[in-house]
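Input: a single structure, listed below in structure tokens.
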Amino acid sequence: MYKMTDEYANLSIDFLVGFTIFMLAFIWVVSIIPGLLIGLQSNTIDYDAVAYRTGVILAEDPGFPVYIDRSNLSWEEKLKVDKRDVVRLGLAISRDTPNLLSQDKVNGFFHTTLDPFNVTAFNYSIAEDYHTRAIFGDYPLYQANISLREIDRNETRSVGDVIPLDSSYGYIRRLIMIKEPSIATINASDNKNADNVSTHKFSILLNTTKLVLGEVKNPAYQINPVKEQIMINITDLNKTINQPSVNITLSSIAVKRVGDTTPYPFDELYIDDNSVPQLLLPVEVTNKVSLKFKPTFFDLNMVDAEGSQIYLTLTFNLKDSGGNPMNSTFLNNTPGTPFNYDSPNNFDYNYNPNNVRQPQLRPAILEVAVW
Amino acid sequence: MVSGDGGQLYTIEGVAAGLIMIMTAYLVVNATSVYTAGDTHINDMQLEVLGSDALKMMGTPANITMNSVDNSTLRTIIESNDGNKFNATFFPLINNRTLQESDRFIQYTASYTYRYGVDSVNSTFITSSRNLTGGEHTVRATKWVVVNKQLPGDSMVQDRAVLVEVLMWRD
């Protein structure tokens, strides 16, 4: 049996066992430290997830409520009355069209106010407005910035806080397209007939049955007067007159549906590019008449507007400088009297690009930053 | 001075060094599972969403025509082999920002694949913003497009489904 005579640079087994147990315990403690820090480190990852969620809701969801009928309007229409009726802020045209956004929803989303008592526009500093409808964060209250840039127009709109330059933030970028509603621009010179009279009628047909239930089913390209704005510009009125110094008076606009006896009022009328809507008729016109119908107009005025034939009939009177009726050719597609609804000459607001500039999809970028 | 070494260790330095090596190895192995992989995945997801959105936009016509033919940018590009147009459309789309200037650090290479003959597939290069060197961590975005074209192996112009594939990476 060997006996150690000098313990220099040697270990006893007891010390070795004790030291090993200590080191194993130490390793175990050290190894759980990264786990302890995960809670602190993962903030950025959480922010990315929140930004992604918000991006998906905005780009792929139509929000809530969605349009069902005249008593269940979509959120962007409810917003015009009371924002408390808006539940979720999605911007898509429908849930079948991800990444294709509605112009009206985009306008409603970025229509902000600083007035805390305004109930028809969102106020970013009121937590309920955007946080509970698009960002969905209770605690901690995320700060966010949502911005949208239209590529062709180089226009940027944004809502939210200023993005911090000195710290990280969660971020997502979506590429989307915004649907621009249709517009009919009618050149009066192309729509006159030989009637040499002092009263002229011009009739426009909105066949919503055909527009909504007809050949175009894709909501991205559909013209739907019940859900989207309709715009009609009638230009070059004075070029249709074959007499000198004639005053043109727009005396009435009848919005009528086949079968209904009383006409409905018109929505918004602009005369000669005046930015203030004309409320009363008759009115003198020099060259241009613009008619605009908001998305809710037809539905709020008539039951089952989506399955109707609606006629817009404009009546013009021509007078000389003394105020006496004066005969001339003019914008007129209703030859003869009495006025006939089923006239084949009615201007048809349809899917023919020669008649109506079709809905266009404009490319844009949507960015969501959350921190 | 040790004259025999039965049941004893040589030096405390040897044991300590061994334990430190084990501890280090353990920490290194353990550390790789902490969120580095997760971060990478999330970056990839952002790129993937971006590429998928860009292809979706290019595959969506801006308006409809009377004869209802798909006149999307992507279809036109493949039918006319227009790599320059693809680059002019796709590259700004994936790099443009809203509130800040584009930094143009996302690169890509694009191709399309189609069935060739009975059982084989063929791939045609469209264009790229930079050549792949092999070291990039790319993500893939794809979109099926129906084109009216005479592809290699076809006897005539006909409607064919091709898979447009874009590999993207951060520079």
Side-chain angles (χ1 to χ4, degrees), chain A residues 2-6 8-13 15-16 19-20 23 26-27 30-31 34-35 37-38 41-42 44-45 48-49 52 55 59 98-100 145 147-149 151 156 158 163 171-177 215-216 218 220-221 351-353 357-363 365-367 369, chain B residues 1-16 18-20 22-27 29-31 33-35 38-39 41-43 45-47 49-58 60-66 68 73 89 92-100 102 106:
Chain A
Y2 173 77
K3 189 166 190 297
M4 197 163 63
T5 54
D6 184 355
Y8 176 74
N10 282 286
L11 288 176
S12 71
I13 296 294
F15 176 77
L16 184 63
F19 187 72
T20 305
M23 286 308 291
F26 182 72
I27 289 170
V30 168
S31 71
L37 295 177
I38 280 175
Q41 287 184 330
S42 63
T44 312
I45 295 156
D48 273 334
Y52 178 70
N99 294 51
L100 304 180
N145 182 290
S147 54
L148 184 139
R149 196 178 110 196
I151 297 171
T156 303
S158 83
I163 297 174
Y171 164 78
I172 193 77
R173 180 161 26 133
R174 301 302 304 263
L175 301 172
I176 42 126
M177 295 175 107
E215 58 199 299
V216 178
N218 188 341
Y221 305 109
Y351 289 110
N352 183 349
R357 198 191 74 184
Q358 301 298 303
Q360 302 279 321
L361 299 175
R362 300 195 310 266
I365 306 165
L366 177 73
E367 283 189 9
Chain B
M1 187 70 188
V2 182
S3 56
D5 53 4
Q8 294 194 46
L9 293 175
Y10 284 101
T11 60
I12 189 167
E13 288 90 341
V15 174
L19 287 169
I20 288 169
I22 291 167
M23 188 178 76
T24 309
Y26 180 80
L27 281 177
V29 171
N30 220 16
S33 64
V34 178
Y35 270 79
D39 277 341
H41 175 72
I42 285 186
N43 285 336
M45 185 200 69
Q46 287 180 336
L47 258 190
V49 168
L50 200 58
S52 167
D53 280 357
L55 287 181
K56 195 183 282 178
M57 276 178 80
M58 290 171 67
T60 306
N63 51 23
I64 48 161
T65 52
M66 285 299 281
S68 299
T73 313
T89 316
L93 275 181
I94 56 173
N95 281 293
N96 274 355
R97 304 288 303 268
T98 54
L99 296 175
Q100 47 191 280
S102 150
I106 300 175

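Everything numeric in this text was worked out from a predicted model, so none of it was measured. Chain letters run A, B, ... following the sequence lines, proteins first and then strands; every chain starts at 1.
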Q) Hey, mind stepping through D53(B) and I176(A) against side chain to side chain contact (heavy atoms under 4.5 Å, CB included) and telling me if it holds? A) CA-CA 7 Å; D53(B) 280 357; I176(A) 42 126; 5.8 Å; no
**Q.** Non-hydrogen side-chain atoms of L19(B) and I27(A) separated by less than 4.5 Å
**A.** no
**Q.** Interchain contact, P359(A) with chain B, by part (heavy-atom threshold 4.5 Å)
**A.** backbone
Q.
Quick check on L148(A) against chain B: is it the side chain, the backbone, both or neither that has a heavy atom closer than 4.5 Å?
A. backbone
Q: Side-chain contact test, heavy atoms from C-beta onward, threshold under 4.5 Å: evaluate it for Q46(B) versus R173(A) and give yes or no.
A: no
Q. Which residues satisfy the salt bridge (Lys or Arg N to Asp or Glu O under 4.0 Å) test with R357(A), sequence neighbours excluded?
A. E180(A)
Q. Under a 4.5 Å heavy-atom cut-off, does chain B meet the side chain of N218(A), its backbone, both or neither?
A. neither
Q: Measure S147(A) against the heavy atoms of chain B and call it side chain, backbone, both or neither at under 4.5 Å.
A: both
Q. If you take all heavy atoms of T60(B) and Y221(A), which pair is closest and at what distance?
A. CG2-OH, 3.4 Å
(Q) For L100(A), which atoms come within 4.5 Å of any heavy atom of chain B: side chain, backbone, both, or neither? (A) side chain
Q.
Which residues pass the side chain to side chain donor-acceptor pair (under 3.5 Å) test with Y52(A), not counting sequence neighbours?
A. none
Q) Under a 4.5 Å cut-off applied to non-hydrogen side-chain atoms, are L99(B) and S158(A) in contact? A) yes
Q: Decide side chain to side chain contact (heavy atoms under 4.5 Å, CB included) for I365(A) and R97(B); before the verdict, give the C-alpha distance in whole Å, the side-chain angles of both, and the deciding distance to 0.1 Å.
A: CA-CA 7 Å; I365(A) 306 165; R97(B) 304 288 303 268; over 6 Å; no
